[in-house]
> 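Let me give you the structure first, and then I'll get to my questions.
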There are 2 protein chains.
Amino acid sequence: MNQPGESLRDRKKRRTRAALERATVRLAAERGYDHVTVEEIAAEADVSVRTFFNYFASKDEALIGADPEAGPRIAERILAFPPEVSPFDAYRRSVLAEITDELDNARDLWLLRKEVLMQRPDLLVRAFANSAESEQLLANAVGQRAGLPESHVYPRLLVAAGSAAFRCAVTRWALDDSVALGDLVGEALGLFGTGLAHVPHHHEGGS
Amino acid sequence: MNQPGESLRDRKKRRTRAALERATVRLAAERGYDHVTVEEIAAEADVSVRTFFNYFASKDEALIGADPEAGPRIAERILAFPPEVSPFDAYRRSVLAEITDELDNARDLWLLRKEVLMQRPDLLVRAFANSAESEQLLANAVGQRAGLPESHVYPRLLVAAGSAAFRCAVTRWALDDSVALGDLVGEALGLFGTGLAHVPHHHEGGS
DNA sequence: GATCGTTTTGCAGTCACTGCAACTTTGCAG
DNA sequence: CTGCAAAGTTGCAGTGACTGCAAAACGATC
């Protein structure tokens, strides 16, 4: 009874993890991030505090719902593009695909997260602090496609640019979510692609 | 006895702040960041723990030595450039000037910080989390020069790129400090300026 | 040297987070 | 179904970052 890669155990784990993530986001959106204790979150998800910390290394992580498989997934996508796609495009399209998928699966959570991140923008930055490992993975994938040595700046810089683009996009999206988050990230990455040396032309509509 | 803008009180405050910063960096480099308690830091600087927190909001902040005047200083520099200098160049040159100054004043501290950041790269990311206010300041300055409305992405994106460039540069500098940190930041910002869409040519020497 | 504003300090308290050692649940085999 | 091993959960005791508050020490001013 363990063939489909999803045993009872695994299912329970997924449910618990999801419950903790939801509880964190919901309560934080409701009362403000630092007026919610881990104790309350654990109670809401019907597990002990200790169990909370078995799933997430910190309250921050639970709020963002850091998915340890996201990094590998994106890296895989990057490498899967045919060789005629440039490293930059492979990276951009892989990131956008991940974001689109994520929003399709958990749009409601992101709408709540938005509320929290509007109050505490620093949490978004902190969220990226714990993902150094994933960043390394992505940088390696980009470097491999670009045929660059480990030590070259380009892959690292591109990945860092991705984080920056995501940060900016979420900030804008929080102010006005009439545009899809994915489009905002795409726009930001587009600007990084063509270069910031010149101020982009200023359109009337929108920002 | 209070004309030269530096009273006894002010001098003591500066000394205490510097002592706490030095103690934090020194001890963290010596034993590892999380094997040093605030209690020990405070003892080393000959003040109470409570006083530590009067100067720095967190241990992280003390390690980086977050200077609340750095943001305003850079913003001022940006606005001081003659109008024929592009917003991008004004930003880049202002940031580089600040870094150069900082290294001239506290190179020894940065050499120790380097050791700590090599062990815990996340601290560098976290350091930027608390500087949202300064980022806003810089973005406004850039926006003003570029004649863009408050809501435009460009200034925000440029400032975010600056953080990313700094992060990458410090990481590389930590691995090999034979190149000046300022030059590495300059290089990274240069790439952001010309755009990341195409992989830069790979030189043999260096990275 | 009395007074006023600022800084330092101690103290009590809250909360995130950890290691450890029991305890419960699940998966599997006999 | 039973017993066993592995995986997951829990409570507990402890550490350490950080906060608010009120008292004490200190520096500037007259």
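Chain letters run A, B, ... following the sequence lines, proteins first, then strands; residues in each count from 1. This one's a predicted model, so the numbers in the text were calculated from it and none came from an experiment. All values below were derived from every heavy atom in this structure, side-chain atoms included, with hydrogens, water molecules and symmetry-related copies excluded.
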> Give the ring-plane orientation class for A/F128 versus A/F166, where under 30° counts as parallel, over 60° as perpendicular and anything between as tilted.
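Plane angle over 60°, so perpendicular.
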> With respect to the side chain of A/K12, which nucleotide from D/dC26, C/dT25, C/dG10 is positioned closest?
C/dT25
> Output the rounded distance in Å from CG (A/D60) to P (C/dC15).
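Those two atoms, CG and P, are 16 Å apart.
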> Whole angstrom is fine here: how far is it from CG in A/N54 over to P in C/dA16?
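Checked: the CG to P distance equals 16 Å.
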> Whole Å only: how far is the CG atom of A/L20 from the P atom of C/dA16?
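Value for this atom pair: 14 Å.
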> Rounded to whole Å, how long is the line connecting atom CZ of A/F53 with atom P of C/dC20?
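Rounded to whole Å, this separation is 17 Å.
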> Would you indicate what A/V49 reaches in the nucleic acid, counting non-hydrogen atoms under 4.0 angstrom: base, sugar-phosphate, or nothing?
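If one applies the 4.0 Å heavy-atom cut-off, A/V49 turns out to touch nothing in the nucleic acid.
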> Does a donor on one side chain and an acceptor on the other come within less than 3.5 Å for B/S178 and B/D176?
yes
> Let me know the distance between CD of A/E6 and C1' of C/dG27, rounded to the nearest Å.
15 Å
> Using purine N1 to pyrimidine N3 plus N6-O4 or O6-N4 for Watson-Crick, or N1-O2 and O6-N3 for G-U wobble, both under 3.5 Å, which nucleotide pairs with D/dG16?
C/dC15
> Please pick, from C/dT6, C/dG19, C/dT8, the nucleotide with the shortest atom-to-atom distance to any side-chain atom of A/R50.
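Ranking C/dT6, C/dG19, C/dT8 by closest atom to the A/R50 side chain puts C/dG19 first.
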> What's the closest nucleotide to the side chain of B/T37 if the choices are C/dT6, C/dT8, D/dG16?
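Among the listed nucleotides, the one closest to the side chain of B/T37 is D/dG16.
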> Measuring to OP1 and OP2 of D/dT9, would you say a side-chain N or O of A/S48 lies under 4.0 angstrom away?
no
> Using whole Å, report how far CZ of B/R9 lies from P of C/dC4.
14 Å
> For the pair made of CG in B/L8 and P in C/dT7, what is the distance, rounded to whole Å?
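The distance from CG of B/L8 to P of C/dT7 comes to 13 Å, rounded to the nearest Å.
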> Which of the following nucleotides, C/dC17, D/dT9, C/dT7, is nearest to the side chain of A/S58?
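Nearest to the side chain of A/S58 among the choices is C/dC17.
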> Taking only side-chain nitrogens and oxygens of B/Y55, does any of them come within less than 4.0 Å of OP1 or OP2 of C/dT7?
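Result: no.
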> The side chain of B/T51 lies closest to which of these nucleotides: D/dT10, C/dT9, C/dT7?
C/dT9
> Tell me which one of B/R15, B/R14, B/K12, B/R11 satisfies salt bridge (charged side-chain N to carboxylate O under 4.0 Å, His left out) with B/E6.
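Between B/E6 and the candidates, salt bridge (charged side-chain N to carboxylate O under 4.0 Å, His left out) is satisfied uniquely by B/R14.
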> Quick one: B/D10 CG to D/dA28 P, roughly how many Å, whole number?
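So the CG-P distance, B/D10 to D/dA28, works out to 8 Å.
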> Check this for me: does any side-chain nitrogen of one of B/D108 and B/R22 sit under 4.0 Å from a carboxylate oxygen of the other?
yes
> Nearest to the A/K59 side chain among C/dT8, C/dC17, C/dT26, which nucleotide is it?
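Given the options C/dT8, C/dC17, C/dT26, the side chain of A/K59 is closest to C/dC17.
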> May I ask you to decide if A/G186's main-chain N or O and A/R92's side chain share a donor-acceptor pair within less than 3.5 Å?
no
